[in-house]
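In what follows, a single structure is set out as structure tokens and then discussed.
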Protein chains: 2
Amino acid sequence: MHKENLNDTRSSATKARLVNSTIESLIEIGFTKTTGVEVCRRAQLTRGALNHHFPDFSGLLVETLQSIYLQLLEIKLPLDVGLMEHILLEGHARIIRPEFKAVIELWLASKNDKQFGLRLVQAMELGSEMFSPQMVLEHKNQGVGSKEFEMIYRTISEALIGIGLGRAIGEGEPLAHESMVLHVLQGMAQTYDHQQLT
Amino acid sequence: MHKENLNDTRSSATKARLVNSTIESLIEIGFTKTTGVEVCRRAQLTRGALNHHFPDFSGLLVETLQSIYLQLLEIKLPLDVGLMEHILLEGHARIIRPEFKAVIELWLASKNDKQFGLRLVQAMELGSEMFSPQMVLEHKNQGVGSKEFEMIYRTISEALIGIGLGRAIGEGEPLAHESMVLHVLQGMAQTYDHQQLT
DNA sequence: GATAATACATACATCTATGTATGTATTCAA
DNA sequence: TTGAATACATACATAGATGTATGTATTATC
């Protein structure tokens, strides 16, 4: 991780270009057409470079998913509402990003491709909390109310993923009923948050 | 649609074999590896047959998705609970089927493949209600309470899709928190159903 | 019963991705 | 400064999928 020399600097820059091209390709044309050739074309590199940095293609996919997770988790909203409502709004801000389509593509790919699936579970928890990792951990094993927290949290998460999938396969724009669902979820979150105040 | 002659009977039987092989392939190895060759291998037919019945591969995909929809919509539960709760339980019974993974694969594919996407919207509404088509239509434009109905219905739908995706990319078994989410949704549904009684 | 259409199978050419080996310039380490 | 390692590019062989043309047996039509 010491980027003291030129080689390491150049190397990680090239890997980043490959990863970013993969994300771009997944978003634009999907996993099926995201081949080694296609990624190299977008990165303006040759397959020699790809093979040098990622001897196994699934390695590239793993790093790509990790990169997207980091990007999405960087999206943060001010904590000016209750905790659960905050998780909801922040999660929504994440799943509406085009990168979330790439996440779904990779989730499915990891199921269909044994190699990739195996390397993925080794590298990261696939179920790692996309919406609020640290919050969940904090609330777990906290005793009273932790169960209630997780129930609401999980429900919001699943609904957000559903909405994200809808966006991914739609025009990227919100489906007509998205605001309805958000409204219901917001009501749930606010109710929970108010309960916690007492 | 008149199956009076032998040709039509044989023809539709062969098409059904191709469609079923496609479903099987989508579930087992995903869209990426579901090629014309693969489908024919599973159906024990040659590409000549495939090309004869489906000159355009996207035609096969459209019929495949339609076939799965019909299969899933055939899954029905007795109406021994409130309407909304019934919709929830029936929807859940559908998204836990392995065929739902094939649905997601095809949804994504229709987004990534222009040809397929175009033919799909011509043939069916992609957003066609997977969970309770007629119910939604009945409640639409019904005035009082219809908005409330759709809000809850849409929220349940999105959460179910999220759960279905989780199953599709997991081991097909329920994720640990699935029962939690179901419990919350069931509470929402029951509350709504009780309100409607008054 | 002869002819045409249908329901497939077979065959070949092409295209694209991949595996892999090797070449070359740059950088590092002594 | 010189050898070795790194960071790529180039090249070729192979494999698998598709496009398409043609062959053949069965069925439908007259």
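Quick note: numbers below take in every heavy atom, side chains included, and nothing from hydrogens, waters or symmetry partners. Sequence lines set the chain letters: A, B, ... in the order given, protein chains first and strands last, and positions in each chain run from 1. As the structure is a computational prediction, the values presented were derived from the model and not from experiment.
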Min side-chain heavy-atom separation A:Phe116-A:Phe57 under 4.5 Å: no
Side chain of B:Thr14 (C-beta onward), nearest among D:dA17, C:dC28, C:dC8: C:dC8
Separation of atom CZ in A:Arg41 from atom P in D:dT10, rounded to whole Å: 17 Å
A:Leu106 and its side chain to side chain contact (heavy atoms under 4.5 Å, CB included) partner, picked from A:Ile23, A:Thr64, A:Asp113, A:Leu120: A:Thr64
Minimum-distance nucleotide to B:Thr46 side chain [options: C:dA17, C:dT10, C:dA7]: C:dT10
NZ/B:Lys33: more than 12 non-hydrogen atoms of other groups inside 6.0 Å: yes
Rounded distance in Å - CZ (A:Arg17) to C1' (D:dA9): 13 Å
Min side-chain heavy-atom separation B:Arg94-B:Phe100 under 4.5 Å: no
DNA chain C: 5'-proximal contact among A:Gly36 and B:Lys15 (nearest heavy atom): B:Lys15
Side chain of B:Arg10 - closest among C:dT18, D:dT18, C:dA7: C:dA7
B:Leu45 CG to C:dA7 C1', straight-line distance once rounded to whole Å: 10 Å
Residue-phosphate contact under 4.0 Å: A:His53 side-chain N/O, D:dA7 OP1/OP2: no
Side-chain N,O (A:Ser11) to OP1/OP2 (D:dT6) below 4.0 Å: no
Whole-Å distance separating the CD atom of B:Gln115 from the P atom of D:dG19: 10 Å
Polar side chain donor-acceptor pair, B:Gln190 to B:His194, under 3.5 angstrom: no
The helix from C:dG1-D:dC30 to C:dA30-D:dT1: angle between end helix axes, five pairs per end, rounded to 10 degrees: 10°
Check: A:Arg47 side chain, A:Val37 main-chain N or O, donor-acceptor pair, under 3.5 Å: no
Side-chain H-bond candidate by donor/acceptor type, B:Lys101 with A:Asn112, under 3.5 Å: yes
Contact under 4.0 Å: B:His52 side-chain N or O vs C:dA7 OP1/OP2: yes
Nearest-nucleotide pick for A:Ala49, side chain only, options being D:dA17, C:dA7, D:dA9: D:dA9
Separation of C:dA21 P from A:Asn51 CG (nearest whole Å): 11 Å
Phosphate contact (C:dA9 OP1 or OP2) by B:Arg47 side-chain N/O below 4.0 Å: no
Distance, rounded to the nearest Å, where A:Phe54 contributes CZ and C:dT18 contributes C1': 18 Å
Atom pair distance, as rounded to whole Å: CD in A:Gln44 and C1' in D:dA7: 17 Å
Rounded interatomic separation in angstrom, taking CG from A:Asp113 and C1' from C:dT18: 14 Å
